[in-house]
There are 2 protein chains.
Amino acid sequence: MAQKNLLPLILLGLLRDSKKTGYELKKDFDTEIGEFWSVKHSQIYLELKRLTELGEINAVTGFFGSKVEKTYYEITKFGKERFSKWQCSFQNELAVNKDEFVLKLYFIKDKSDERLGQLLKNQYELHLEKLLHLRQRMKDVFSTIDKDNNYGHYLILNHAIKREEEYTQWLDDSLKYISVGEEKNKREYID
Amino acid sequence: MAQKNLLPLILLGLLRDSKKTGYELKKDFDTEIGEFWSVKHSQIYLELKRLTELGEINAVTGFFGSKVEKTYYEITKFGKERFSKWQCSFQNELAVNKDEFVLKLYFIKDKSDERLGQLLKNQYELHLEKLLHLRQRMKDVFSTIDKDNNYGHYLILNHAIKREEEYTQWLDDSLKYISVGEEKNKREYID
DNA sequence: ATTTTCATGTAAGTCGTTACATGATTCT
DNA sequence: AGAATCATGTAACGACTTACATGAAAAT
(Lines give C-alpha, C1' and ligand atoms only; values in the text may rest on other atoms or scores of the structure.)
Protein backbone atom coordinates (compact mmCIF):
# COMPACT_ATOMS: atom_id res chain seq x y z
CA MET A 1 0.00 0.00 0.00
CA ALA A 2 1.07 3.56 -0.63
CA GLN A 3 0.51 4.79 2.88
CA LYS A 4 -0.01 2.79 6.00
CA ASN A 5 -3.77 3.00 5.74
CA LEU A 6 -4.63 3.76 9.32
CA LEU A 7 -7.90 5.49 8.53
CA PRO A 8 -10.02 2.29 8.71
CA LEU A 9 -8.55 1.62 12.16
CA ILE A 10 -9.38 5.15 13.29
CA LEU A 11 -12.93 4.81 12.01
CA LEU A 12 -13.35 1.48 13.78
CA GLY A 13 -11.98 3.06 16.94
CA LEU A 14 -14.40 5.96 16.73
CA LEU A 15 -17.29 3.55 16.18
CA ARG A 16 -16.48 1.33 19.15
CA ASP A 17 -18.56 3.31 21.62
CA SER A 18 -21.55 4.23 19.51
CA LYS A 19 -22.86 4.14 15.98
CA LYS A 20 -22.21 7.28 13.99
CA THR A 21 -22.89 8.81 10.59
CA GLY A 22 -20.14 9.68 8.15
CA TYR A 23 -20.75 13.30 8.92
CA GLU A 24 -20.29 12.77 12.63
CA LEU A 25 -17.06 10.93 12.00
CA LYS A 26 -15.88 13.78 9.82
CA LYS A 27 -16.72 16.15 12.68
CA ASP A 28 -14.47 14.16 14.98
CA PHE A 29 -11.57 15.07 12.71
CA ASP A 30 -12.39 18.74 13.08
CA THR A 31 -12.09 18.54 16.85
CA GLU A 32 -11.23 15.50 18.95
CA ILE A 33 -8.87 13.35 16.96
CA GLY A 34 -8.24 16.15 14.48
CA GLU A 35 -5.43 17.20 16.80
CA PHE A 36 -3.58 14.05 15.82
CA TRP A 37 -4.85 13.08 12.40
CA SER A 38 -6.31 14.77 9.35
CA VAL A 39 -8.43 13.43 6.52
CA LYS A 40 -10.95 14.66 3.95
CA HIS A 41 -14.61 13.66 4.10
CA SER A 42 -14.40 12.11 0.63
CA GLN A 43 -11.91 9.59 1.95
CA ILE A 44 -14.04 8.85 5.01
CA TYR A 45 -17.11 7.94 2.95
CA LEU A 46 -14.96 5.80 0.70
CA GLU A 47 -13.42 3.96 3.60
CA LEU A 48 -16.81 3.45 5.27
CA LYS A 49 -18.01 1.77 2.09
CA ARG A 50 -14.98 -0.51 2.08
CA LEU A 51 -15.37 -1.40 5.76
CA THR A 52 -19.01 -2.23 5.12
CA GLU A 53 -18.05 -4.53 2.26
CA LEU A 54 -15.53 -6.20 4.56
CA GLY A 55 -18.25 -6.76 7.13
CA GLU A 56 -16.37 -4.82 9.79
CA ILE A 57 -19.15 -2.28 10.09
CA ASN A 58 -22.85 -2.32 9.26
CA ALA A 59 -24.59 0.51 7.48
CA VAL A 60 -28.13 1.36 8.59
CA THR A 61 -29.97 3.97 6.54
CA GLY A 62 -33.13 5.64 7.77
CA PHE A 63 -34.79 8.75 9.18
CA PHE A 64 -34.30 8.21 12.91
CA GLY A 65 -36.74 10.94 13.95
CA SER A 66 -34.96 13.47 11.78
CA LYS A 67 -36.35 14.82 8.53
CA VAL A 68 -33.17 13.95 6.68
CA GLU A 69 -32.13 10.48 5.69
CA LYS A 70 -28.90 9.46 7.32
CA THR A 71 -26.69 6.42 7.30
CA TYR A 72 -25.47 5.20 10.64
CA TYR A 73 -22.49 2.89 10.83
CA GLU A 74 -22.08 0.40 13.64
CA ILE A 75 -19.07 -1.77 14.34
CA THR A 76 -19.40 -5.56 14.02
CA LYS A 77 -17.65 -8.38 15.84
CA PHE A 78 -15.11 -8.58 13.00
CA GLY A 79 -14.48 -4.87 13.17
CA LYS A 80 -13.89 -5.05 16.90
CA GLU A 81 -11.49 -7.92 16.40
CA ARG A 82 -9.48 -6.09 13.77
CA PHE A 83 -9.29 -3.00 15.93
CA SER A 84 -8.21 -4.88 19.07
CA LYS A 85 -5.59 -6.77 17.14
CA TRP A 86 -4.11 -3.54 15.85
CA GLN A 87 -4.31 -1.75 19.15
CA CYS A 88 -2.17 -4.25 21.01
CA SER A 89 0.26 -4.86 18.13
CA PHE A 90 3.87 -3.70 18.38
CA GLN A 91 5.79 -1.67 15.85
CA ASN A 92 9.25 -2.79 14.87
CA GLU A 93 10.42 0.48 13.40
CA LEU A 94 9.63 4.16 13.45
CA ALA A 95 8.41 6.11 10.46
CA VAL A 96 10.51 9.06 9.33
CA ASN A 97 9.17 12.30 10.70
CA LYS A 98 8.63 14.49 7.64
CA ASP A 99 8.85 18.17 8.50
CA GLU A 100 9.13 20.77 5.74
CA PHE A 101 10.87 23.26 7.97
CA VAL A 102 13.54 20.79 9.02
CA LEU A 103 14.15 20.10 5.35
CA LYS A 104 14.57 23.78 4.62
CA LEU A 105 17.09 24.15 7.39
CA TYR A 106 19.07 21.18 6.17
CA PHE A 107 20.04 23.19 3.11
CA ILE A 108 21.14 26.25 5.05
CA LYS A 109 24.91 25.91 5.09
CA ASP A 110 26.22 29.15 6.51
CA LYS A 111 25.64 29.99 10.13
CA SER A 112 25.39 33.70 9.30
CA ASP A 113 22.88 33.15 6.50
CA GLU A 114 20.44 36.05 6.71
CA ARG A 115 17.42 33.86 5.99
CA LEU A 116 18.04 31.78 9.10
CA GLY A 117 16.66 34.30 11.57
CA GLN A 118 13.57 34.99 9.49
CA LEU A 119 12.80 31.31 9.05
CA LEU A 120 13.28 30.54 12.72
CA LYS A 121 11.01 33.42 13.71
CA ASN A 122 8.24 32.33 11.33
CA GLN A 123 8.41 28.81 12.65
CA TYR A 124 8.51 30.01 16.23
CA GLU A 125 5.24 31.88 15.73
CA LEU A 126 3.55 28.83 14.29
CA HIS A 127 4.71 26.49 17.04
CA LEU A 128 3.97 28.95 19.82
CA GLU A 129 0.44 29.30 18.52
CA LYS A 130 0.15 25.51 18.41
CA LEU A 131 1.50 25.21 21.94
CA LEU A 132 -0.97 27.71 23.35
CA HIS A 133 -3.77 25.99 21.49
CA LEU A 134 -2.78 22.60 22.94
CA ARG A 135 -2.63 23.94 26.49
CA GLN A 136 -6.12 25.33 26.03
CA ARG A 137 -7.28 21.98 24.64
CA MET A 138 -5.91 20.22 27.70
CA LYS A 139 -7.98 22.47 29.95
CA ASP A 140 -11.12 22.22 27.83
CA VAL A 141 -11.05 18.48 27.23
CA PHE A 142 -10.45 17.41 30.81
CA SER A 143 -12.87 19.86 32.35
CA THR A 144 -15.70 17.85 30.80
CA ILE A 145 -14.35 14.30 30.73
CA ASP A 146 -12.42 12.33 33.30
CA LYS A 147 -8.67 11.96 32.89
CA ASP A 148 -8.41 8.41 34.23
CA ASN A 149 -11.14 7.17 31.90
CA ASN A 150 -9.62 8.84 28.85
CA TYR A 151 -6.05 8.20 29.78
CA GLY A 152 -4.63 7.66 26.30
CA HIS A 153 -6.05 10.97 25.21
CA TYR A 154 -4.57 12.61 28.28
CA LEU A 155 -1.16 11.08 27.63
CA ILE A 156 -0.93 12.15 24.02
CA LEU A 157 -2.15 15.67 24.71
CA ASN A 158 0.46 15.82 27.41
CA HIS A 159 3.06 14.60 24.95
CA ALA A 160 1.96 17.02 22.23
CA ILE A 161 2.36 19.90 24.65
CA LYS A 162 5.82 18.78 25.68
CA ARG A 163 6.75 18.33 22.04
CA GLU A 164 5.73 21.88 21.22
CA GLU A 165 7.51 23.17 24.30
CA GLU A 166 10.66 21.50 23.09
CA TYR A 167 10.12 22.79 19.56
CA THR A 168 9.62 26.41 20.58
CA GLN A 169 12.50 26.17 23.05
CA TRP A 170 14.79 24.86 20.34
CA LEU A 171 13.74 27.63 17.94
CA ASP A 172 14.19 30.25 20.62
CA ASP A 173 17.61 28.95 21.64
CA SER A 174 18.70 28.80 18.01
CA LEU A 175 17.52 32.35 17.44
CA LYS A 176 19.40 33.60 20.48
CA TYR A 177 22.49 31.72 19.51
CA ILE A 178 22.69 33.04 15.99
CA SER A 179 22.11 36.63 17.13
CA VAL A 180 24.84 36.29 19.75
CA GLY A 181 27.04 35.12 16.89
CA GLU A 182 26.04 38.20 14.93
CA GLU A 183 26.79 40.48 17.86
CA LYS A 184 30.15 38.85 18.25
CA ASN A 185 30.86 39.24 14.56
CA LYS A 186 29.83 42.89 14.67
CA ARG A 187 32.13 43.61 17.56
CA GLU A 188 34.94 41.82 15.84
CA TYR A 189 34.48 44.06 12.84
CA ILE A 190 34.05 47.25 14.88
CA ASP A 191 36.81 46.77 17.44
CA MET B 1 -1.56 17.29 -5.33
CA ALA B 2 -1.82 14.31 -3.07
CA GLN B 3 1.14 15.20 -0.91
CA LYS B 4 3.10 18.42 -0.69
CA ASN B 5 5.61 17.24 -3.25
CA LEU B 6 8.81 18.31 -1.60
CA LEU B 7 10.96 15.74 -3.34
CA PRO B 8 11.80 17.98 -6.32
CA LEU B 9 12.96 20.66 -3.88
CA ILE B 10 15.15 18.17 -2.05
CA LEU B 11 16.67 16.97 -5.31
CA LEU B 12 17.36 20.54 -6.38
CA GLY B 13 18.92 21.19 -3.00
CA LEU B 14 21.16 18.16 -3.24
CA LEU B 15 22.23 19.19 -6.75
CA ARG B 16 23.15 22.76 -5.80
CA ASP B 17 26.73 21.95 -4.88
CA SER B 18 27.60 19.43 -7.57
CA LYS B 19 26.11 17.36 -10.35
CA LYS B 20 25.04 13.88 -9.31
CA THR B 21 23.59 10.70 -10.75
CA GLY B 22 20.22 9.34 -9.71
CA TYR B 23 22.03 6.61 -7.87
CA GLU B 24 24.12 9.08 -5.90
CA LEU B 25 20.99 11.00 -4.98
CA LYS B 26 19.38 7.78 -3.85
CA LYS B 27 22.45 7.13 -1.70
CA ASP B 28 21.97 10.48 0.02
CA PHE B 29 18.63 9.20 1.26
CA ASP B 30 20.31 6.18 2.78
CA THR B 31 22.61 8.36 4.86
CA GLU B 32 22.68 12.15 5.00
CA ILE B 33 19.20 13.44 4.45
CA GLY B 34 17.73 9.99 5.02
CA GLU B 35 17.57 10.96 8.68
CA PHE B 36 14.88 13.46 7.80
CA TRP B 37 13.24 12.19 4.65
CA SER B 38 12.59 8.87 2.95
CA VAL B 39 11.87 8.06 -0.67
CA LYS B 40 12.18 5.12 -3.08
CA HIS B 41 14.59 5.20 -6.00
CA SER B 42 11.74 4.72 -8.47
CA GLN B 43 10.30 8.03 -7.38
CA ILE B 44 13.67 9.76 -7.62
CA TYR B 45 14.20 8.76 -11.25
CA LEU B 46 10.66 9.82 -12.05
CA GLU B 47 11.12 13.20 -10.43
CA LEU B 48 14.47 13.72 -12.15
CA LYS B 49 12.76 13.17 -15.47
CA ARG B 50 10.11 15.72 -14.59
CA LEU B 51 12.64 18.29 -13.40
CA THR B 52 14.55 17.81 -16.65
CA GLU B 53 11.40 18.44 -18.66
CA LEU B 54 10.79 21.57 -16.61
CA GLY B 55 14.30 22.77 -17.42
CA GLU B 56 15.24 22.98 -13.75
CA ILE B 57 18.00 20.44 -14.18
CA ASN B 58 20.01 19.19 -17.15
CA ALA B 59 20.69 15.53 -17.81
CA VAL B 60 24.10 14.63 -19.20
CA THR B 61 24.62 11.00 -20.18
CA GLY B 62 28.05 9.56 -20.86
CA PHE B 63 30.89 7.38 -19.64
CA PHE B 64 32.96 9.86 -17.63
CA GLY B 65 36.01 7.61 -17.34
CA SER B 66 33.87 4.77 -15.99
CA LYS B 67 32.98 1.68 -17.95
CA VAL B 68 29.30 2.14 -17.19
CA GLU B 69 27.09 4.72 -18.77
CA LYS B 70 25.71 7.14 -16.21
CA THR B 71 23.45 10.14 -16.30
CA TYR B 72 24.57 13.15 -14.33
CA TYR B 73 22.07 15.80 -13.41
CA GLU B 74 23.09 19.41 -12.95
CA ILE B 75 20.94 22.22 -11.67
CA THR B 76 20.05 25.11 -14.00
CA LYS B 77 19.40 28.78 -13.32
CA PHE B 78 15.65 28.02 -13.18
CA GLY B 79 16.22 25.19 -10.75
CA LYS B 80 18.29 27.43 -8.50
CA GLU B 81 15.60 30.06 -8.62
CA ARG B 82 12.87 27.64 -7.66
CA PHE B 83 14.92 26.28 -4.82
CA SER B 84 15.86 29.69 -3.43
CA LYS B 85 12.28 30.84 -3.63
CA TRP B 86 11.14 27.83 -1.62
CA GLN B 87 13.95 28.04 0.88
CA CYS B 88 13.13 31.55 2.02
CA SER B 89 9.34 31.12 1.85
CA PHE B 90 7.27 31.13 5.01
CA GLN B 91 4.70 28.59 6.05
CA ASN B 92 1.35 29.80 7.30
CA GLU B 93 0.30 26.62 9.01
CA LEU B 94 1.73 23.44 10.42
CA ALA B 95 1.02 20.00 9.04
CA VAL B 96 -0.53 17.47 11.38
CA ASN B 97 2.08 15.18 12.86
CA LYS B 98 0.89 11.67 12.03
CA ASP B 99 2.17 9.14 14.53
CA GLU B 100 0.70 5.63 14.64
CA PHE B 101 1.56 5.15 18.28
CA VAL B 102 -0.15 8.35 19.33
CA LEU B 103 -3.21 7.16 17.47
CA LYS B 104 -3.17 3.85 19.29
CA LEU B 105 -2.97 5.56 22.64
CA TYR B 106 -5.86 7.84 21.80
CA PHE B 107 -8.15 4.84 21.91
CA ILE B 108 -6.91 3.57 25.25
CA LYS B 109 -9.57 4.74 27.63
CA ASP B 110 -8.80 3.10 30.96
CA LYS B 111 -5.72 4.14 32.90
CA SER B 112 -5.28 0.62 34.22
CA ASP B 113 -5.55 -0.97 30.76
CA GLU B 114 -3.05 -3.82 30.72
CA ARG B 115 -1.91 -3.09 27.17
CA LEU B 116 -0.72 0.38 28.13
CA GLY B 117 2.50 -0.74 29.78
CA GLN B 118 3.40 -3.10 26.96
CA LEU B 119 2.80 -0.47 24.31
CA LEU B 120 4.77 2.18 26.15
CA LYS B 121 7.69 -0.21 26.61
CA ASN B 122 7.74 -1.20 22.94
CA GLN B 123 7.72 2.45 21.92
CA TYR B 124 10.37 3.33 24.47
CA GLU B 125 12.74 0.78 22.96
CA LEU B 126 12.24 2.16 19.47
CA HIS B 127 12.76 5.76 20.49
CA LEU B 128 15.72 5.01 22.71
CA GLU B 129 17.39 3.24 19.82
CA LYS B 130 16.64 6.24 17.61
CA LEU B 131 18.02 8.61 20.23
CA LEU B 132 21.29 6.72 20.58
CA HIS B 133 21.59 6.54 16.82
CA LEU B 134 21.11 10.29 16.49
CA ARG B 135 23.71 11.06 19.14
CA GLN B 136 26.17 8.89 17.25
CA ARG B 137 25.25 10.66 14.01
CA MET B 138 25.96 14.01 15.62
CA LYS B 139 29.44 12.84 16.57
CA ASP B 140 30.15 11.23 13.21
CA VAL B 141 28.84 14.01 11.00
CA PHE B 142 30.60 16.89 12.72
CA SER B 143 33.88 15.11 13.16
CA THR B 144 34.36 15.32 9.38
CA ILE B 145 32.54 18.52 8.43
CA ASP B 146 32.47 21.92 10.06
CA LYS B 147 29.49 22.89 12.19
CA ASP B 148 29.38 26.56 11.22
CA ASN B 149 29.44 25.75 7.52
CA ASN B 150 26.70 23.14 7.82
CA TYR B 151 24.70 24.96 10.38
CA GLY B 152 21.24 23.93 9.25
CA HIS B 153 22.23 20.31 9.44
CA TYR B 154 23.65 20.89 12.89
CA LEU B 155 20.49 22.60 14.08
CA ILE B 156 18.13 19.90 12.90
CA LEU B 157 20.26 17.07 14.26
CA ASN B 158 20.29 18.94 17.51
CA HIS B 159 16.54 19.27 17.35
CA ALA B 160 16.02 15.63 16.45
CA ILE B 161 18.05 14.59 19.48
CA LYS B 162 16.07 16.86 21.76
CA ARG B 163 12.86 15.56 20.27
CA GLU B 164 13.82 11.97 20.98
CA GLU B 165 14.97 12.91 24.47
CA GLU B 166 11.56 14.39 25.10
CA TYR B 167 9.84 11.37 23.55
CA THR B 168 11.72 8.81 25.63
CA GLN B 169 11.31 10.94 28.73
CA TRP B 170 7.59 11.13 28.20
CA LEU B 171 7.32 7.39 27.67
CA ASP B 172 9.43 6.70 30.73
CA ASP B 173 7.44 9.09 32.90
CA SER B 174 4.19 7.60 31.68
CA LEU B 175 5.44 4.10 32.43
CA LYS B 176 6.48 5.07 35.93
CA TYR B 177 3.23 6.82 36.54
CA ILE B 178 1.02 3.95 35.51
CA SER B 179 3.03 1.44 37.56
CA VAL B 180 2.80 3.68 40.61
CA GLY B 181 -0.92 3.67 39.99
CA GLU B 182 -0.82 -0.12 39.83
CA GLU B 183 1.16 -0.38 43.05
CA LYS B 184 -1.31 1.89 44.72
CA ASN B 185 -4.19 -0.17 43.44
CA LYS B 186 -2.55 -3.36 44.65
CA ARG B 187 -2.05 -2.00 48.11
CA GLU B 188 -5.60 -0.78 48.20
CA TYR B 189 -6.78 -4.28 47.44
CA ILE B 190 -4.40 -5.95 49.86
CA ASP B 191 -4.74 -3.61 52.85
C1' DA C 1 -33.32 36.20 2.11
C1' DT C 2 -29.04 34.53 2.31
C1' DT C 3 -25.44 32.23 4.44
C1' DT C 4 -24.00 28.44 7.07
C1' DT C 5 -24.38 23.84 8.48
C1' DC C 6 -26.05 19.19 7.70
C1' DA C 7 -25.30 15.23 4.87
C1' DT C 8 -23.38 12.37 1.20
C1' DG C 9 -21.22 11.26 -2.47
C1' DT C 10 -18.35 10.98 -7.49
C1' DA C 11 -14.37 11.99 -10.59
C1' DA C 12 -9.83 13.28 -11.75
C1' DG C 13 -5.36 13.51 -10.69
C1' DT C 14 -0.96 13.08 -7.85
C1' DC C 15 2.36 11.23 -4.67
C1' DG C 16 4.29 7.30 -3.15
C1' DT C 17 5.03 2.22 -2.51
C1' DT C 18 5.74 -2.43 -4.15
C1' DA C 19 7.05 -5.32 -7.46
C1' DC C 20 9.16 -6.35 -11.74
C1' DA C 21 13.11 -5.97 -14.72
C1' DT C 22 17.86 -5.81 -16.55
C1' DG C 23 22.89 -5.82 -17.00
C1' DA C 24 27.53 -4.59 -15.59
C1' DT C 25 30.98 -4.46 -11.99
C1' DT C 26 33.22 -5.30 -7.78
C1' DC C 27 33.97 -7.80 -3.70
C1' DT C 28 34.56 -12.21 -1.09
C1' DA D 1 31.71 -18.78 -8.54
C1' DG D 2 28.47 -16.34 -6.33
C1' DA D 3 26.96 -12.40 -3.73
C1' DA D 4 26.65 -7.67 -3.24
C1' DT D 5 26.71 -3.25 -5.21
C1' DC D 6 26.29 -0.10 -9.08
C1' DA D 7 22.96 1.92 -12.09
C1' DT D 8 18.47 2.83 -14.17
C1' DG D 9 14.23 2.31 -15.21
C1' DT D 10 8.76 0.60 -15.96
C1' DA D 11 4.14 -1.04 -14.36
C1' DA D 12 0.50 -1.64 -11.22
C1' DC D 13 -1.76 -0.12 -7.55
C1' DG D 14 -3.19 2.44 -3.28
C1' DA D 15 -3.94 6.45 -0.38
C1' DC D 16 -5.05 10.91 -0.37
C1' DT D 17 -6.26 15.54 -2.13
C1' DT D 18 -8.84 18.69 -4.90
C1' DA D 19 -12.62 19.78 -7.22
C1' DC D 20 -17.22 18.99 -8.57
C1' DA D 21 -21.91 18.12 -7.25
C1' DT D 22 -26.44 18.15 -4.91
C1' DG D 23 -30.25 19.18 -1.73
C1' DA D 24 -32.40 20.04 2.68
C1' DA D 25 -32.44 22.36 7.19
C1' DA D 26 -31.08 25.75 10.41
C1' DA D 27 -29.29 30.06 11.61
C1' DT D 28 -28.55 35.12 10.91
Side-chain angles (χ1 to χ4, degrees), chain A residues 1-12 14 19-31 33-34 36-54 57 59-73 93 95-98 100 103, chain B residues 1-12 14 19-31 33-34 36-54 57 59-73 93 95-98 100 103:
Chain A
M1 64 211 104
Q3 231 88 327
K4 235 210 145 180
N5 205 14
L6 291 164
L7 182 56
L9 275 319
I10 300 173
L11 295 176
L12 290 173
L14 292 172
K19 64 180 183 195
K20 285 176 176 172
T21 66
Y23 192 77
E24 286 170 337
L25 288 164
K26 184 215 133 195
K27 283 265 154 171
D28 285 338
F29 285 94
D30 294 338
T31 54
I33 203 168
F36 309 103
W37 209 266
S38 66
V39 75
K40 306 290 165 185
H41 78 274
S42 54
Q43 190 63 17
I44 292 177
Y45 287 109
L46 216 138
E47 211 62 61
L48 285 171
K49 202 190 224 174
R50 208 178 301 180
L51 284 169
T52 308
E53 283 162 11
L54 286 168
I57 58 176
V60 187
T61 305
F63 287 89
F64 307 98
S66 134
K67 288 169 190 171
V68 199
E69 206 180 27
K70 295 179 193 177
T71 302
Y72 275 96
Y73 296 92
E93 57 183 0
V96 173
N97 206 337
K98 294 188 174 183
E100 182 172 356
L103 215 52
Chain B
M1 65 211 105
Q3 232 88 327
K4 233 209 148 182
N5 204 15
L6 291 164
L7 182 55
L9 276 319
I10 300 174
L11 295 177
L12 291 173
L14 292 171
K19 62 181 184 197
K20 285 177 176 173
T21 67
Y23 193 76
E24 285 171 337
L25 288 165
K26 185 216 133 194
K27 283 263 153 173
D28 286 338
F29 285 94
D30 293 338
T31 54
I33 203 168
F36 309 103
W37 209 266
S38 66
V39 75
K40 307 290 166 186
H41 78 274
S42 54
Q43 191 65 16
I44 292 177
Y45 287 109
L46 215 138
E47 211 61 62
L48 285 171
K49 202 191 224 174
R50 207 177 302 179
L51 285 169
T52 308
E53 282 163 10
L54 286 169
I57 57 176
V60 186
T61 305
F63 286 89
F64 308 98
S66 137
K67 288 170 191 170
V68 200
E69 206 180 28
K70 295 179 191 178
T71 302
Y72 276 95
Y73 296 92
E93 57 183 0
V96 173
N97 207 336
K98 294 188 174 183
E100 182 171 356
L103 215 52

Side-chain donor-acceptor pairs under 3.5 Å in residues 41-49 of chain A, sequence neighbours left out?
from: A/Tyr45; atom 1: OH; to: A/Tyr23; atom 2: N; distance (Å): 3.4

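In this structure, CZ of A/Phe64 is placed 12 Å from P of C/dA7, rounded to the nearest angstrom. Here D/dT17 presents its P atom at 10 Å from CD1 of A/Ile44, a figure rounded to the nearest Å. Separating the CD atom of B/Glu47 from the P atom of C/dC15 is a distance of 6 Å, rounded to the nearest angstrom. Atom-to-atom, CG of B/Leu25 to P of D/dC6 comes out at 14 Å; the value is rounded to the nearest Å. One atom, CZ of B/Arg50, and another, P of C/dT14, lie 8 Å apart when rounded to the nearest Å. When the P atom of C/dG9 is taken as reference, atom NZ of A/Lys26 falls 14 Å away, rounded to whole Å. Straight-line distance from the CG atom of B/Leu11 to the P atom of D/dT8: 13 Å, rounded to whole Å. Rounded to an integer number of Å, the gap from CG of A/Leu46 to C1' of C/dT10 is 9 Å.
Residue B/Tyr45 places at least one side-chain N or O under 4.0 Å from the OP1 or OP2 atom of D/dT8. Side-chain N/O atoms of B/Tyr23 include none lying less than 4.0 angstrom from OP1 or OP2 on D/dT8.
Counting only heavy atoms from C-beta outward, the side chains of A/Leu14 and A/Tyr73 never approach each other to under 4.5 Å. Proximity of A/Ile10 to A/Leu25: side-chain heavy atoms (C-beta onward) are nowhere separated by under 4.5 Å. Looking only at side-chain heavy atoms (C-beta outward), A/Leu103 and B/Leu6 come within less than 4.5 Å of each other.
Within the nucleic acid shown, B/Phe63 has no heavy atom closer than 4.0 Å to any nucleic acid atom. Residue B/Lys27 is in sugar-phosphate contact alone, with no base atom involved, counting any heavy-atom pair closer than 4.0 Å across all strands shown. Nucleic acid contact class of A/Tyr73 (heavy atoms, under 4.0 Å, all strands): sugar-phosphate only.
Residue A/Pro8 comes nearest to A/Asn5 through the heavy atom pair CD-OD1, 3.3 Å, listed as atom of the first residue, atom of the second, then distance. The two residues B/Gly34 and A/Val96 come nearest to each other via the heavy atoms O-CG2, 4.3 Å.
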remark   = Protein-proximity profile, nucleotides 18-28 of chain D, B/S/- by nucleotide at the 4.0 Å heavy-atom cutoff, equals BB-----S---

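Looking at which nucleotide of DNA chain D each of B/Glu69 and B/Lys49 is closest to, the 5′-most match is held by B/Glu69.
For A/Lys70, there are no salt bridge (Lys or Arg N to Asp or Glu O under 4.0 Å) partners two or more places apart in sequence or in a different chain. Among residues two or more places apart in sequence or in another chain, the side chain to side chain donor-acceptor pair (under 3.5 Å) test is passed with B/Thr71 by B/Thr61. With sequence neighbours excluded, no residue forms a salt bridge (Lys or Arg N to Asp or Glu O under 4.0 Å) with A/Lys98.
Comparing the end axes of the helix from C/dA1-D/dT28 to C/dT28-D/dA1, each fitted to five base pairs by superposing C1' atoms of four pairs onto the next four, gives an inter-axis angle of 40° (nearest 10 degrees).
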